[in-house]
> 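Structure in structure tokens, see below.
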Amino acid sequence: MEEVPRVPGETVKAVAKDVMYLCPFTGAVSGTLTVTDYKLYFKSLERDPPFVLDVNLGVISRVETISMQIGENNRGIEIVCKDMRNPRFAYKEEQSKLEIFETLTKHAFPLSNNLPLFAFLYKETFPEDGWKVYDPVAEYKRQGLPNESWTISKINSNFEVCDTYPAMLVVPTSIKDEELRKVASFRAKHRIPVLSWIHPESQATIVRCSQPLVGPSDRRCKEDERYLQTILDANAQSHKLTIFDARQSSVADTNKAKDGGYESESFYPNVELNFLEIPNIHVMRESLRKLREVVYPSIDEAHWLSGVDSTHWLEYIRLLLAGAVRVADKLECGKTSVVVHCSDGWDRTAQLTSLAMLMLDSYYRTLRGFQVLLEKEWISFGHRFAARLGHGDENHANSERSPLFVQFVDCVWQMTRQFPSAFEFNELFLITILDHLYSCLFGTFLYNSEQEREVHSKTVSLWSYVNNHTEDFTNPFYVNYENHVIYPVASLRHLELWVSYYVRWNPRMRPQMPVHQNLKELLVLRTELQKKVEELQRDVASSRSVSSSSDHGPSPSHTSTPLYTTV
Amino acid sequence: MFSVKPPKPTFKSYLPPVQTEMKKMPQVNIKKLEARLLPGEIVVSEVNFVRKCIGMGAGRDDLWGKLICTNFKVSFVTHELPGWQKLQYHNRLLGDHDVPLACVEQLVTVNDATGKQKVLLSNRKLKFSPTELVIYCKDFRIHRFRFDESGPESARKVCLAIAHYSQPADPQLLFGFEYAGKQYHGPSDQMSGGDPGSQLQTPLFDCSSDWDREIKRTGASEWRVCSVNEAYTVSPSLPEYFVVPVSLADQDIRQFSCSFAGQRIPLWCWNHPNGSALVRMASIRNVAHQWMLEQRVCSSVTRSHPKRSDVFQSNLDKSLPSIQDVQASLIKLKQICVIAEPYRESEDKWLSSIESSGWLENEDRDLSCVVSSLVQLMLDPHFRTLVGFQSLVQKEWVMAGHRFLDRCNHLRKSSKEESPLFLLFLDCVWQLMNQFPAAFEFTEIYLAVLCDSMWIPVFSTFLFNCPQQRAEHSQDFARNRNLFMGEEKMLRFPPVWDWSQQFSLRDQALFNNPIYVGKSAAPRVQNGAVKTFKRTKKSYSSTLRGMPSMQNSTGRYGSLPRHNSLVLRFRPESPVQHKAPENALDHFIKDWLSRPADPHGLLLPHLLPSHLQLWRLYFLRWVPELQIPQGGPVTTFYKLSLLADEIEELQIKLRQYSGSPTSGHTPNRPTLSSQQQRMYFRAARPSCNPQQPEYLSSAFPFSPVGNLSHPGALGTPLRKFLSGAKLWLSSEPLVSQTP
């Protein structure tokens with residue numbers, strides 16, 4: 001019996017023959033289903049070449065039995081996945097089949113069954129250790145920190161001040177630890193305002209935090225007020241500080257009634273407060289759920305655009321991008337420091353700060369810089385990956401789940417569409433990140449915070465894998481925009497549905513001739529020609545050196561445009 | 001909706017109110033500025049101290065100058081501009097701020113003080129002195145001029161002159177006649193523009209030899225050129241020369257022609273290498289003769305097929321939207337300019353059933369043009385070269401009698417006749433190009449420029465409804481003006497294909513697609529010699545009907561022109577009635593799309609709505625707020641151009657070294673002299689740092705980067721835009737129907 005391909009550390013848990021996969025695109029096909037502790041693998045020899053379906057278990061959201069009657073097959077199962085597909089199987093009611101789907105359910109939700117996530121069993125080794133990609137001290141140093149106004153504080157080194165923040169925080173130099181603790185008690189989940197990014201010229205900063213605990217009685221906190229004034233003072237170019245509250249203003253008011261709230265402009269004299277009116281995680285989850293219905297399994301061609309429209313997915317993408325453009329524009333053109341928060345400061349705040357940083361700082365648009373950006377703004381600052389994705393947990397209806405990170409990556413993809421040569425990485429890189437967001441193969445996206453994430457020694461980092469395959473993930477069109485700030489146009493006229501991600505399971509949706517293929521062909525051709533010319537030049541030069549002196553121009557190898565592709 | 005109903009004078013301005021902090025008028029002598037005039041062009045009226053509003057920059061970027069109305073254009077002349085407001089390419093017939101009168105869609109005059117607004121029509125009165133003139137253009141552009149500092153009377157006169165001259169009553173008042181007539185006045189009088197020695201390579205199909213060459217090129221040996229319509233004695237809307245089955249005698253044609261609408265007997269368009277022909281015809285007027293005619297005509301078409309295959313007819317009236325639908329759809333698009341574009345999606349559905357000797361019926365002068373030219377673009381790589389594409393438009397549109405004059409509505413006679421079919425066609429070509437970026441020799445900039453040329457009324461290509469009309473008006477005009485045309489039957493209007501009329505050689509390089517590489521297997525005319533398709537035995541022997549066996553097909557994908565032969569085997573006898581062949585067709589398409597596409601083979605586009613996109617360059621290029629500075633597809637075009645240029649340099653070097661004129665890699669890349677480089681963007685010379693030019697944006701080359709990205713200006717309009725200020729789009733409804 002032929003073995004299924006396995007990654008190191010993966011073991012086969014169950015095999016069943018004569019299972020029918022109901023492919024929505026090519027019709028039903030019978031074959032052998034294998035379940036390992038990492039994936040389900042279905043192979044049919046009925047077709048030539050053999051038909052294969054390979055779904056990692058981490059992506060499974062729920063498994064449901066469905067009523068079915070196709071010939072002998074009287075049982076059916078539907079596997080709802082987080083990546084927009086729902087494979088269905090039919091089988092005959094037999095012991096071996098019942099067992100395999102039981103095994104599948106068990107390993108699809110290891111945490112609900114007292115099993116480890118597969119990342120802890122994965123045994124692959126890579127030449128580079130991806131856990132070392134992000135070194136906070138090195139990253140802050142790259143930004144020119146610490147400087148006279150900002151310092152790297154160790155106050156949270158034991159996660160005592162804020163258990164969802166990283167150990168290392170950048171705060172104003174003049175603020176004492178005692179004051180910081182006071183500020184922490186005035187901010188939701190103790191997430192105090194800390195620096196995310198500083199403009200190299202104007203010294204304007206992006207600062208992130210959670211909502212202030214103002215409450216219905218308009219509580220004040222002198223330390224918090226002074227703290228924001230200090231952030232304002234650290235930037236000599238502007239006499240204002242802008243706060244972007246990502247929430248809808250009505251929701252912020254509701255929060256105020258429940259002990260949360262927002263900064264009152266009368267207590268914070270030089271502060272300008274703006275609401276970005278972005279709906280919450282539940283709205284986003286609902287939107288993506290609707291999108292799934294539009295794109296899978298079949299699409300309604302006559303109502304495609306209105307179908308996509310009705311999910312509001314692109315509308316939310318627009319809101320996020322527009323918000324991030326406002327943040328970036330405030331810093332770049334207004335030379336004004338910006339504070340970003342939502343309620344807890346780990347969802348919309350992470351989306352906005354990281355998008356604005358992508359626009360402002362070309363380093364984050366490189367393959368490695370983007371990894372640093374994710375490690376910093378998302379992972380170390382406690383985006384609740386475990387809760388938002390529900391790794392290994394069978395409770396699919398948990399209201400904590402929400403596709404905010406997917407939404408962020410979609411925004412990045414929209415930016416790469418508008419600026420095809422400003423990013424060093426390509427679409428495959430973004431899709432790979434999203435695939436391993438769910439796969440539980442790597443330790444990168446498994447936990448809620450830096451404190452929870454003591455997984456370095458036990459799991460492999462996604463970046464170990466990525467940085468071992470940089471060629472696959474490099475955009476051949478990349479030209480370094482250096483210090484260019486890029487402003488995407490946040491208009492629906494320029495946004496489009498990311499078909500090659502959301503609709504990729506439909507074989508009819510594949511693009512026919514990707515343009516980067518043409519570029520690669522041209523690069524190969526150029527290399528060949530260069531070689532030929534050089535050979536001929538050598539020949540000519542050697543024959544000339546016999547007869548006369550050379551009067552030829554410079555070697556053609558100098559004329560080549562630097563292209564960041566390896567061929 | 002504006003041009004469908006006569007516009008009511010209830011204009012409501014959607015433009016933001018003009019800021020009070022307006023730019024001070026510069027202390028320069030505007031009176032000394034003069035319009036650049038073409039031969040035959042005269043100034044009608046002019047006004048000084050006019051301010052042209054640019055974007056939403058609160059007046060900051062506005063320009064001061066002189067507004068002039070001539071018999072050809074509305075010209076705004078100004079002094080030298082700062083870099084960010086400069087265009088990167090120039091039209092030789094028009095200044096950067098000029099609008100041809102034929103491009104004017106609607107004129108609105110406004111008086112701030114009284115709040116009066118009026119839509120100006122020809123020969124109407126204007127009772128107030130306008131402070132502002134808004135020109136809405138057919139190419140989606142909007143121009144705004146302020147007269148705050150100008151003489152009120154001359155401002156009023158210019159507005160009225162523009163209204164009058166943009167609505168000519170007679171074709172001979174279109175500027176092209178003056179322009180073309182000028183060259184008969186003096187022996188040395190040359191047309192402006194045009195590079196000496198520029199030779200037109202595009203066949204115009206106005207002589208029998210052009211058709212002969214096309215017959216040879218496609219190997220249509222059972223077809224002949226027929227000259228029965230010389231002097232338009234048979235049909236006024238057909239060209240003098242066209243192609244018919246060998247078995248059809250001139251006498252038959254004369255006899256049959258009366259039964260077809262417009263005497264338009266079936267016209268041969270193209271032959272597939274397997275011998276199948278594409279034929280277009282009008283509907284049959286006399287129903288009583290229908291059966292007999294179909295028998296006679298079809299049988300002669302069948303006799304011209306090597307396998308005597310039956311004819312497959314396709315009635316476009318039933319499967320496609322009407323031209324009114326198309327126009328209504330464009331108006332909607334203009335108004336909302338959003339992603340929804342219904343008209344484009346319904347367009348291509350029929351394509352999968354085009355096979356064999358396709359019969360395309362309808363009026364035969366509108367949708368037949370779109371359909372037959374798209375079919376040929378998909379099947380024959382020759383038409384995806386620049387010259388090939390131009391010959392296709394010439395053959396299927398100009399010579400086949402597409403009513404450009406009526407569809408463009410140059411004379412403002414009837415808005416019912418106006419329909420953007422040619423734009424629809426170009427959009428379809430763009431969709432193909434978008435899906436097969438390496439398959440076309442030309443670029444989307446070329447398509448946009450071609451479309452814009454429709455509104456410059458000097459080209460023979462777009463001025464008339466048919467060749468006969470051109471001849472008639474030429475002779476009439478010459479008689480009235482006492483021009484001596486000698487042996488010539490028509491005035492020498494330049495065809496649009498003489499691009500040197502409009503652009504320098506350097507600017508024409510924007511038409512060249514850097515990733516297009518010609519292929520020797522493709523049929524093309526080289527050095528005057530005609531190569532034909534190879535008729536392989538394979539294509540003759542393929543008489544199988546229905547599904548191809550998959551085992552066989554893998555072998556057949558091996559060599560060119562493999563794709564074409566497959567199509568023949570797939571000819572469905574009646575795809576709609578039987579279920580089985582339809583499935584086979586589905587299978588074929590699925591199978592087809594799963595393989596890598598060959599840019600020189602058959603192009604089968606994805607027709608899923610998700611794969612049809614808005615042609616953003618064309619539709620969004622004038623809206624400054626929608627420009628992506630430093631971004632857009634042009635940045636990849638730039639990069640590819642550098643690489644292609646570098647490769648060309650290397651090839652030239654290689655040839656110099658080896659002394660041989662050909663290189664093994666790209667046999668069909670033309671060798672160019674050093675003055676005529678193929679790429680607009682050149683690779684950097686040694687020691688030069690290749691930096692992406694600052695002026696690139698998603699609207700390149702049509703709009704300067706403008707007020708959005710030059711230092712200091714970025715903040716204001718962008719913030720205004722984002723914080724919810726009403727976005728002023730060129731698509732705003734022009735006349736609101738106030739209740």
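None of the values given here were measured: they were computed from a predicted structure. Below, chain A is the first sequence line, B the second, and so on; all start at residue 1.
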> List the atom of A:F419, the atom of B:Q630, and the distance in Å for their closest heavy-atom pair.
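Nearest pair, atom of A:F419 first, then B:Q630: CD2-O, 3.6 Å.
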
> Under the side chain to side chain contact (heavy atoms under 4.5 Å, CB included) test, which residues partner A:Q418, sequence neighbours left out?
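Once residues adjacent in sequence are excluded, the partners of A:Q418 under the side chain to side chain contact (heavy atoms under 4.5 Å, CB included) criterion are A:P488, A:V489, A:H494, A:L495, B:I628.
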
> Which pair of heavy atoms, one from B:L640 and one from A:L519, lies closest together, and at what distance?
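The pair with the smallest heavy-atom distance is CD2-CD1, 3.4 Å.
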
> Nearest heavy-atom pair of B:L654 and A:L536: which atoms, and what distance?
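Nearest pair, atom of B:L654 first, then A:L536: CD1-CD1, 3.4 Å.
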
> Please report the interatomic distance CG(A:L529) to CD(B:E649), rounded to the nearest 0.5 Å.
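If I round to the nearest 0.5 Å, the distance is 12.0 Å.
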
> Check A:S421 against B:T635 and note the closest heavy-atom contact, atom names and distance.
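Nearest pair, atom of A:S421 first, then B:T635: OG-CB, 3.3 Å.
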
> Could you state the interatomic distance from CD (A:E528) to CD1 (B:I647), rounded to the nearest 0.5 Å?
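So the gap between those two atoms works out to 9.5 Å.
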
> To the nearest 0.5 Å, how far apart are CD1 in B:I515 and CD in A:E521?
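That separation rounds to 9.0 Å.
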
> Let me see the working for B:K653 and A:K532 under side chain to side chain contact (heavy atoms under 4.5 Å, CB included), right down to the final yes or no.
CA-CA 10 Å; B:K653 233 173 223 150; A:K532 274 195 187 165; over 6 Å; no

> Does atom NZ (A:K240) have a neighbourhood of more than 12 heavy atoms from anything else shown, all under 6.0 Å?
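Counting other residues, nucleotides and ligands, NZ of A:K240 exceeds 12 neighbours.
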
> Can any side-chain N or O of A:R493 pair as donor or acceptor with the backbone N or O of B:R616 at less than 3.5 Å?
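Judged by distance alone, no pair lies under 3.5 Å.
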
> Look up atom OG1 in B:T636 and atom CG in A:N475, then write down how far apart they are to the nearest 0.5 Å.
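These two atoms lie 9.5 Å from each other.
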
> So, taking the atom named CZ in A:R526 and the one named CG in B:L650, what distance separates them when rounded to the nearest 0.5 Å?
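These two atoms lie 8.0 Å from each other.
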
> Taking ring pair (Phe, Tyr, Trp, His ring centres under 6.0 Å) as the definition, give me every residue that meets it alongside A:W413, ordered by chain and number, with sequence neighbours left out.
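Checked A:W413 against ring pair (Phe, Tyr, Trp, His ring centres under 6.0 Å); matches are A:W498.
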
